[in-house]
Amino acid sequence: MIEINNIKNITMKRINYKVIRHIALSIAMLCIISQTYAQKRPKKQTAVNNEITKAEIKLSARNYGDSIVLRWAIDKSSAWRFLNEHGYIIERLTLDADNKVTEDFRKLSTTPIKPWTYAEWGERINKNDDYAVIAAQTLYGETFDVSQTATSKAEQLDNMADEARMRHAFAMLSADISTQAADGLGLRFVDKDIKGGDKFIYRIYSIHPKTSFTTDTAIFIIGSKDIYNVYPPLPPKAVEGEHQIVLNWEKEYKFSAYLVQRSGDNGKTYIDLTRKPYLQISRKKEDFNKFTYSDSIPKNYKPYLYRIAGITSFGDVSPWSMPIKTIGRDRTAPEKPRIIKSHVINDDNDVKISWEIDKVASDMKGFFVGRGTNVTGPFEPLHKKALPNNTREYIDKDAVVGSTNYYVVASVDTAKNISQSMPGYVVMGDNEPPAKPLGMHGEIDTNGVVRLWWPKGKEPDLNGYRVYYSNHKNGEYHALTGTFQDTTFTDTINLKTLDELIYYRIVAVDMNLNNSKYSDVLELQKPDIINPVAPVFKKYNVTETDVYISWIPSSSKDVVKQKMYKREPGAQWQEYQEFDKGVKEFTDKEVSKEKIYEYSLTAIDDAGLSSENSKPLTIRIYNSGMQTEVRDFNVKLAGDNKSVELAWEYEESSECNFLIYRAYNGAGLQMHATTKEGSKEYVDKNVGLPGTYTYAIKVVNKNGNKSLLSESKKVEVKK
């Protein structure tokens, strides 16, 4: 306890800055000092004020029913020292239930609020309040040493900056825990005139000359009916040690410090474990909000109750948390056994393990024997219940043949504390190979990645597997791996090959390098990513009415169909015909004279992949100059038996005339008449004589090009 007769005589102990610089202030609106963080030491510091550009005032308020208490803080150390000289101005605006202003902002104090003077501290300070004493020291103490004696001007300036930050950190911390410290530091105000309003808006600011930093105005809104209640913190968690209980809990934002109590009579009475508010400063950022409290207890296995209370930044102490029950436990392990011998004792490959121990404690429960395949373990227990205290040997009837068996002996007490011996071992020979692996599966993706997997064999001495592959099912298989202990394997293959299948087998290997038989062959289909070869045009023949085309089909084995595309020059390719994979020729009758056509072929395989388009075949349709003949030419005798009706079809051009030829009773055909352009019928009215009339038609266009005579048609005319 620091006694104060004269403020100048308050002397803080030298504090290592490496610890104190982890105290800093991240102040929220609802809690002035809510958490600590590590404040890095500036690399270069020429003056205390040089680090400040903008300082913020943080304000919070609590309504206690008969008064409203304001608490604030400043977040920069240099600004804090400067504002202590100029003080803070508090103003309040009052609103009614409809949020209408009933009283505009007015000052709540006639003069700026400043820290107590040196004399006021001497008169008012409660010497039993350690945090009030610390607060006084931050203002008027002669020194706050943070390092050894500086040897240069730069180090002296650095130490001055460190000291300023440390004074500020301790001041803010003291104000959070002690209401007298907050009052004395000029960081607290009690507004008792809170009648006649439904809501109050407080603002706080400082008027000071322009410096190298600026400060803002802090505002807080609070209702007249918003009565403040402090709720208890969550109960801590306990780690039960030997004659020791360690409490752990997460710091809640509303609390700055804590009190801890313990009960040894099931909650009838509690004793204070923390005479003063309990703080915890961590060097690690991730532990800033974690509290740990360690308590020594006189007796193990006796129940104790623990509870905690929180202290807010307004100096209020919360109700106690729900208590937790815990006990101290025996954590002293028994004596370690020593294996003195482990060996095979008969043809059944039974192994005897013998051990000794120097001292058997009164709480000794017994022994467990464990076995593993590696000197570092893991070791599986060979029996479910502990062997009696007087046991010094054990026979293992299930030792792994063909492997090195490692053994440990563990002593266990009634509190389940364990001490384990150093390992002993036995080497056992084996000529029996593992069983043939079964159940291998696999798949290949479109990137050529092969994934294989299989169930693990049940042999206790199984050491691993080897993987083999081949491109031919009955061909030679090549090793892909040495022995490995996984039951999956990933391979990468080239998909751009002509082989569509790949084959895998595996072999199991035991600890004595005995190999199993090959597994069954796993056949995998490679994803088809190779486009088939395109067909090649072979020959063609062109007439005035059709085009005959032949080609050599794709040489790819997996082709399932072919497609022909057709277009006129400059137009888009259009799918024209689809053929089976073996088709080699096609005759196109959908052509017109003197037009140019282009043809192309593609092949499609069983994976839906298409070849490139074949080299286009360009064809011009032949035109001999002769017109095509008429079609569907018909002749019939009219009903009056005095005329003959002729009809035909012709679609090539409407600019053609049709020459009508006629013969009578077997004579030669002679031109008989000419029709108008585009006509498709003619009536011969000059058939008065009975007999046989024969007709034919020849086409002639405007350029004089003629067709051959059409097929002749006959009609009989009677009397």
Side-chain angles (χ1 to χ4, degrees), residues 235-249 260-267 271 273 280 287 290-308 323-343 351-400 404-426:
K237 296 179 181 180
V239 177
E240 298 173 337
E242 185 167 6
H243 296 292
Q244 183 185 50
I245 301 297
V246 179
L247 302 178
N248 297 288
W249 66 93
V260 183
Q261 286 187 338
R262 182 188 72 201
S263 172
D265 55 9
N266 201 29
I271 62 172
L273 298 180
Q280 184 163 298
D287 294 333
K290 295 179 181 179
F291 271 64
T292 300
Y293 184 86
S294 181
D295 180 34
S296 297
I297 54 176
K299 189 175 181 180
N300 288 331
Y301 300 104
K302 175 184 177 180
Y304 291 96
L305 297 180
Y306 289 88
R307 64 185 186 182
I308 61 175
I324 60 166
K325 180 179 287 188
T326 183
I327 59 174
R329 298 181 181 274
D330 177 12
R331 302 298 186 189
T332 302
E335 192 82 22
K336 279 186 180 182
R338 294 185 301 278
I339 294 178
I340 56 176
K341 191 174 185 180
S342 52
H343 61 287
V351 175
K352 179 188 283 188
I353 303 97
S354 304
W355 66 89
E356 62 184 10
I357 188 171
D358 291 338
K359 181 180 179 182
V360 176
S362 59
D363 62 345
M364 178 81 165
K365 185 176 182 179
F367 300 96
F368 281 93
V369 180
R371 182 187 66 220
T373 58
N374 192 292
V375 69
T376 59
F379 299 97
E380 296 295 330
L382 298 178
H383 46 90
K384 294 182 179 180
K385 294 183 179 181
L387 303 175
N389 284 347
N390 58 355
T391 304
R392 295 296 183 270
E393 62 182 35
Y394 180 82
I395 296 177
D396 178 15
K397 296 182 176 295
D398 297 310
V400 181
T404 300
N405 294 264
Y406 293 90
Y407 294 92
V408 292
V409 179
S411 55
V412 183
D413 64 16
T414 55
K416 299 182 180 180
N417 297 306
I418 298 176
S419 288
Q420 181 176 293
S421 71
M422 294 293 291
Y425 68 94
V426 175

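Since we're looking at a predicted model, the values are computed, not measured.
Defined by atom type and a distance below 3.5 Å, a donor-acceptor pair is present between the side-chain atoms of E242 and T332. No hydrogens or angles considered: a donor-acceptor pair under 3.5 Å links the side chains of D265 and S263. No hydrogens or angles considered: a donor-acceptor pair under 3.5 Å links the side chains of S294 and Q244. Inspection of the D396 and Y407 side chains reveals an N or O donor paired with an N or O acceptor under 3.5 Å.
Minimum interatomic distance between P323 and L305 (heavy atoms only, all atoms of both residues): CB-CB, 4.3 Å. For the residue pair I418 and A410, the shortest heavy atom distance occurs at CG2-CB, 3.7 Å. Closest non-hydrogen pair, G424 versus S342, comes out as C-OG, 4.1 Å. Between L247 and A238, the shortest heavy-atom distance links the atoms CD2-CB, 4.1 Å. Closest of all the heavy-atom pairs between M364 and I357 is CE-CD1, 4.2 Å. Nearest approach of R392 to N389, heavy atoms of both residues: NH1-O, 2.5 Å.
A heavy-atom distance below 4.5 Å is not found between the side chains of T373 and Y406. Between Y304 and I297 the shortest side-chain heavy-atom distance falls below 4.5 Å. When side chains are defined from C-beta on, Y425 does not count as touching V375, because their heavy atoms never get closer than 4.5 Å. You'll find the side chain of V260 stays beyond 4.5 Å of the side chain of F291, heavy atoms only. I327 places a side-chain heavy atom less than 4.5 Å from the side chain of E240. Contact of the P334 side chain with the N417 side chain is registered, since non-hydrogen atoms from C-beta on lie closer than 4.5 Å.
In this structure a side-chain-to-backbone donor-acceptor pair under 3.5 Å is missing from R331 to G328. The main-chain N or O of V369 is found under 3.5 Å from a side-chain atom of H383 such that the two form a donor-acceptor pair. Although no hydrogens or angles enter the test, the distance criterion places no donor-acceptor pair under 3.5 Å between the side chain of S354 and the main chain of I340. Looking only at distances, no side-chain donor or acceptor of N248 sits under 3.5 Å from a matching main-chain atom of V239.
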Before giving the answer on side chain to side chain contact (heavy atoms under 4.5 Å, CB included), spell out for H243 and N300 the whole-Å C-alpha distance, their side-chain angles and the decisive distance to 0.1 Å.
-> CA-CA 6 Å; H243 296 292; N300 288 331; 3.5 Å; yes
F368 and V409: CA distance, side-chain angles, deciding distance, side chain to side chain contact (heavy atoms under 4.5 Å, CB included) verdict = CA-CA 6 Å; F368 281 93; V409 179; over 6 Å; no
Between D330 and D413, does a side chain to side chain contact (heavy atoms under 4.5 Å, CB included) hold up when you go through it step by step?
-> CA-CA 9 Å; D330 177 12; D413 64 16; 3.7 Å; yes
Start with the C-alpha distance between D358 and K336, add both sets of side-chain angles, then the distance that settles salt bridge (charged side-chain N to carboxylate O under 4.0 Å, His left out), and finish with yes or no.
-> CA-CA 8 Å; D358 291 338; K336 279 186 180 182; over 6 Å; no
For the pair Y306 and I245, evaluate side chain to side chain contact (heavy atoms under 4.5 Å, CB included) and give the outcome as yes or no after the intermediate values.
-> CA-CA 10 Å; Y306 289 88; I245 301 297; 3.7 Å; yes
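Using a 4.0 Å cut-off between charged side-chain N and carboxylate O, E356 and R338 make a salt bridge.
Rounding to the nearest 0.5 Å places CZ of R307 at 12.5 Å from CD1 of I324.
In this structure, W355 has its ring center under 6.0 Å from that of F367.
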